[in-house]
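Values in this document were obtained by computation on a predicted structure and should not be read as measured data. Start at 1 and go down the list; that is how both ligands and their atoms are numbered.
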Amino acid sequence: MSTPVNIDWSKLGFAYMKTPYRYISRWKDGQWSQGELTEDNQLHISESSSALHYGQQCFEGLKAYRTKDGSVQLFRPDQNAKRMHQSCARVLMPQVPEEMFIDACKQVATANIDYVPPYGTGATLYLRPFVIGVGDNIGVKPAPEYIFSVFCLPVGPYFKGGLSPVNFTVSDYDRAAPYGTGAAKVGGNYAGSMMPHEEAVEKGFADCIYLDPLTHTKIEEVGAANFFGITKDNEFVTPKSPSILPSITKYSLLYLAENYLDMKVSERDVYIDKLDEFAEAGACGTAAVITPIGGIDYKDKLHVFYSETEVGPMTKKLYDTLCGIQFGDVDAPEGWIVKVD
Ligand code: PLP
Ligand code: COI
């Protein structure tokens with residue numbers, strides 16, 4: 001049974017909202033408890049939890065989409081489960097089995113089904129799975145207990161403007177160390193990004209671009225999203241580096257560009273002083289979807305790609321193909337869509 005909720009879906013941005021149910025499971029003595037749904041959005045944990053002091057935690061982000069026929073579906077949740085495995089392994093936390101991860105996401109979407117925005121609004125239900133190290137502990141070592149939880153909230157665009165281009169500035173700070181935790185979705189990477197983000201916003205930019213930490217010559221990430229560029233001869237290019245987060249959206253776009261749009265594709269170095277090779281550029285991620293990059297500010301000069309006000313034609317095609325699949329209007333590659341109800 002569905003009860004209408006009073007939300008202006010078109011006005012949603014990316015802000016926390018308490019929805020009725022979340023999933024929680026606890027790991028103790030070598031195993032996860034039977035997960036359950038709860039209405040309580042507060043966690044009661046030890047003051048000495050290693051998640052609080054030493055950042056022993058990780059998280060994921062994926063979305064549930066309402067299709068034209070009113071059903072609800074997830075986009076590639078197996079990929080988020082696999083990436084969470086990698087993140088847990090990197091900070092010595094127990095892994096959440098893939099079936100348990102996907103089941104938790106389905107349960108949360110189903111329990112909060114009234115909060116999945118209607119088809120056509122562009123809004124979606126954002127799911128936030130996370131694992132935290134808890135329990136009594138003070139040494140810098142893995143926690144004795146863990147919590148795996150998934151909560152959700154309806155969201156609109158992450159960057160203001162949706163498919164309107166926004167500008168970014170290049171940060172002097174690093175997001176990750178060359179052999180650090182950049183490829184894992186762990187909270188510490190994000191704590192360190194708050195100051196560079198704020199400085200970029202104060203200068204009038206949507207966010208900042210991070211260069212590779214070793215040489216500061218190559219693009220790594222666009223805030224909490226990956227970078228892609230489209231060369232003048234229509235090649236889809238995205239940076240390759242062991243310290244960027246392997247974006248599920250980025251790997252989906254690589255596949256779609258090659259197999260749906262007949263483009264050449266490559267994952268390779270993208271030099272910050274060779275932006276001229278690109279006719280269009282964008283940021284991509286679950287929250288960012290595809291956000292066209294109007295221009296990049298580097299050494300006090302703004303390099304404009306296609307336009308500061310209009311999305312370029314190939315970026316728009318990629319956006320329509322990706323969103324078409326996510327909202328069920330375009331046939332998806334095998335295994336990409338998981339129905340919730
Ligand atoms: N890069 C960073 C640092 C992120 O936080 C995210 C978001 O998850 C992404 C890239 C995009 O990854 P995905 O497409 O899997 O959401
Ligand atoms: C996502 O796209 O899911 C992200 O993780 C971005 C988030 C850090 C706001």
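- Within ligand 2, the atoms closer than 4.0 Å to a non-hydrogen atom of G61 are 3 (O), numbered from 1 in the order shown.
- In this model, no donor atom of one side chain and acceptor atom of the other lie less than 3.5 Å apart for R90 and T181.
- When the salt bridge (Lys or Arg N to Asp or Glu O under 4.0 Å) test is applied to D78, the partners found at least two apart in sequence or on another chain are K82.
- E220 and S243 share a side-chain donor-acceptor pair at under 3.5 Å.
- At a cut-off of 3.5 Å, with distance as the only test, no side-chain donor of N137 or S50 sits close to an acceptor on the other residue.
- Where the criterion is an N or O separation shorter than 3.5 Å, residue side chain and backbone included, A288 fails it with respect to ligand 2.
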### Working for salt bridge (Lys or Arg N to Asp or Glu O under 4.0 Å), residues D233 and K264
CA-CA 9 Å; D233 59 359; K264 282 179 287 169; 3.5 Å; yes
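- Per-residue contacts place K185 under 4.0 angstrom from the following atoms of ligand 2 (heavy atoms of the residue considered): 4 (C), 5 (O).
- Near Y158, meaning under 4.0 Å from one of its heavy atoms, ligand 2 places the atoms 9 (C).
- Here the protein heavy atom with the shortest distance to atom 7 (C) of ligand 2 is R128 NH2, 3.9 Å.
- Close approach of ligand 2 to F14 is summarised as follows: ligand atoms under 4.0 Å from at least one heavy atom of the residue are 9 (C).
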Below 3.5 Å only, please: the N or O atoms of ligand 1 paired with protein N or O atoms, distance on each line.
from     : atom 1 : to   : atom 2 : distance (Å)
ligand 1 : 1 (N)  : E221 : OE1    : 2.7
ligand 1 : 5 (O)  : K185 : NZ     : 3.1
ligand 1 : 5 (O)  : Y190 : OH     : 2.5
ligand 1 : 8 (O)  : K185 : NZ     : 2.7
ligand 1 : 12 (O) : S247 : OG     : 3.4
ligand 1 : 14 (O) : S247 : OG     : 2.6
ligand 1 : 14 (O) : I248 : N      : 3.3
ligand 1 : 14 (O) : T249 : N      : 2.9
ligand 1 : 14 (O) : T249 : OG1    : 2.5
ligand 1 : 15 (O) : R83  : NH1    : 2.7
ligand 1 : 15 (O) : R83  : NH2    : 3.1
ligand 1 : 15 (O) : I248 : N      : 2.8
ligand 1 : 16 (O) : T286 : N      : 2.9
ligand 1 : 16 (O) : T286 : OG1    : 2.5

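- Residue A287 approaches ligand 2 through these ligand atoms, each under 4.0 Å from one of its heavy atoms: 1 (C), 2 (O), 6 (C).
- Near Y126, the atoms of ligand 2 lying under 4.0 angstrom from a non-hydrogen atom of the residue are 1 (C), 3 (O), 4 (C), 5 (O).
- Residue pairs meeting the salt bridge (charged side-chain N to carboxylate O under 4.0 Å, His left out) criterion with at least one member in residues 267-292, sequence neighbours excluded: K218-D269, R268-E277.
- For the residue pair S171 and E199, no side-chain donor N or O sits within less than 3.5 Å of a side-chain acceptor on the partner.
- Under a 4.0 Å N-O distance rule, the pair K316/D320 qualifies as a salt bridge.
- At the shortest separation from atom 8 (C) of ligand 2 among protein heavy atoms lies Y190 CE2, 3.7 Å.
- A donor and an acceptor atom, one from each side chain of S87 and K185, are nowhere located under 3.5 Å apart.
- For D8, the salt bridge (Lys or Arg N to Asp or Glu O under 4.0 Å) partners at least two apart in sequence or on another chain are K11.
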